[in-house]
**Student:** 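Have a look at the structure that comes next, please.
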Amino acid sequence: MSGIVLFDGACNFCHYSVQFIIKRDRRGYFKFASLQSDIGKKLLEEYALPHDMSTFVLIDNDRSYIKSSAALRVCQHLDGFWKAFIIFRIIPTLMRDIVYNFVAQNRYRWFGLRDSCMLPTPEQRKRFLD
């Protein structure tokens, strides 16, 4: 079993987030695809998520999670103390997503845009679906 992370391929913050996950997921639990890719669009449709969605998505155990819920579920599978972040699931999703939305709305301004999707190393390439 593995989780699939869908991310905004044009977003620097999202690129850094994917690199962060890869470095802390030594078991290789997660696979990745950009929201803009054909497979990303297909998965959005399959899980009845909006195609214009520019948020972090996790598909895990045949369920989809978005925004802060997706991020916290990713932490649950990372190596080290990141698992402890699941404690934040006690905070109601609406409140967590206020913080998530603030960061998401400012991510391009703070971290910039990429001209193209990231180019993974040959080793990382095995973990990308598109």
**Student:** Got a second to check how far Cys14's SG is from Phe32's CZ, nearest 0.5 Å?
**Tutor:**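 Answer rounded to 0.5 Å: 12.5 Å.
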**Student:** Closest approach of Ile39 and Ala33, non-hydrogen atoms and distance?
**Tutor:**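 Nearest heavy atoms, Ile39 then Ala33: CG2-CB, 3.6 Å.
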**Student:** Assigning hydrophobic clusters by single linkage (Ile, Leu, Val, Met, Phe, Trp, Tyr; side-chain heavy-atom cutoff under 4.5 Å), is Tyr100 placed with Ile87?
**Tutor:**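 Yes, Tyr100 and Ile87 fall within the same hydrophobic cluster.
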**Student:** So do the side chains of Phe56 and Asp8 get within less than 4.5 Å of each other, counting heavy atoms only?
**Tutor:** no
**Student:** For Lys126, what residues pass the salt bridge (Lys or Arg N to Asp or Glu O under 4.0 Å) criterion, not counting sequence neighbours?
**Tutor:**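 Checked Lys126 against salt bridge (Lys or Arg N to Asp or Glu O under 4.0 Å); matches are Glu123.
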**Student:** If you look only at pairs with a residue in residues 30-47, which of them pass as a salt bridge (charged side-chain N to carboxylate O under 4.0 Å, His left out), with sequence neighbours excluded?
**Tutor:**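 As it turns out, there is no salt bridge (charged side-chain N to carboxylate O under 4.0 Å, His left out) pair with a partner in residues 30-47 once direct neighbours are skipped.
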**Student:** Kindly indicate, with the supporting measurements, whether the criterion side-chain contact (heavy atoms from CB on, under 4.5 Å) is fulfilled by Ile21 and Tyr16.
**Tutor:** CA-CA 9 Å; Ile21 294 167; Tyr16 299 135; over 6 Å; no
**Student:** Taking ring-ring contact (aromatic ring centres under 6.0 Å, His included) as the definition, give me every residue that meets it alongside Phe81, ordered by chain and number, with sequence neighbours left out.
**Tutor:**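 Not a single residue meets the ring-ring contact (aromatic ring centres under 6.0 Å, His included) criterion with Phe81.
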**Student:** Do you reckon Phe20 sits in the same ILVMFWY cluster as Phe85, going by side-chain contacts under 4.5 Å, direct or chained?
**Tutor:**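 Yes, same cluster.
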**Student:** Given the rule in the side-chain contact (heavy atoms from CB on, under 4.5 Å) test, do Ile4 and Leu43 qualify, once you have shown the distances and angles that lead to the verdict?
**Tutor:** CA-CA 10 Å; Ile4 301 171; Leu43 287 167; 4.0 Å; yes
**Student:** Under the side-chain hydrogen bond (donor to acceptor under 3.5 Å, both in side chains) rule, collect the residues that match up with Ser37, sequence neighbours excluded.
**Tutor:** Asp130
**Student:** How long is the gap from CD1 on Ile59 to CG on Leu49, to the nearest 0.5 Å?
**Tutor:**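 It comes to 7.0 Å.
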**Student:** Using side-chain contact (heavy atoms from CB on, under 4.5 Å) as the criterion, list what pairs up with Asn106, not counting sequence neighbours.
**Tutor:** Phe102, Arg109, Trp110
**Student:** Taking side-chain contact (heavy atoms from CB on, under 4.5 Å) as the test, write out the residues that go with Arg63, two or more places apart.
**Tutor:**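 For Arg63, the residues satisfying side-chain contact (heavy atoms from CB on, under 4.5 Å) (neighbours in sequence not counted) are Tyr65.
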**Student:** Asp97: what forms a salt bridge (Lys or Arg N to Asp or Glu O under 4.0 Å) with it, not counting sequence neighbours?
**Tutor:**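 Partners of Asp97 under the salt bridge (Lys or Arg N to Asp or Glu O under 4.0 Å) test: none.
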**Student:** Under the rule for side-chain contact (heavy atoms from CB on, under 4.5 Å), what residues qualify as partners of Ser17, not counting sequence neighbours?
**Tutor:** Phe13
**Student:** Quick check: do Lys23 and Asp79 have side-chain heavy atoms less than 4.5 Å from each other?
**Tutor:** no
**Student:** Distance check, rounded to the nearest 0.5 Å: Tyr47 atom OH versus Leu6 atom CG?
**Tutor:**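 Going from the OH atom of Tyr47 to the CG atom of Leu6 covers 10.0 Å.
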**Student:** What residues form a side-chain contact (heavy atoms from CB on, under 4.5 Å) with Ile91, not counting sequence neighbours?
**Tutor:** Phe88, Met95, Arg96
**Student:** Should Val57 and Val5 count as side-chain neighbours, where that means a heavy-atom distance under 4.5 Å?
**Tutor:** no
**Student:** Quick check: do Leu78 and Lys83 have side-chain heavy atoms less than 4.5 Å from each other?
**Tutor:**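 No, side chains not in contact.
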**Student:** Would Ser34 and Phe7 count as a side-chain contact (heavy atoms from CB on, under 4.5 Å) here? Give the steps.
**Tutor:** CA-CA 5 Å; Ser34 71; Phe7 64 97; 4.2 Å; yes
**Student:** Going by atom type alone, with no hydrogens or angles, which donor-acceptor pairs under 3.5 Å involve a side-chain atom of residues 70-77 and a protein atom two or more places apart or on another chain?
**Tutor:**
residue : atom : partner : partner atom : Å
Gln76   : OE1  : Arg89   : NH1          : 2.9
His77   : NE2  : Asp60   : OD2          : 3.4

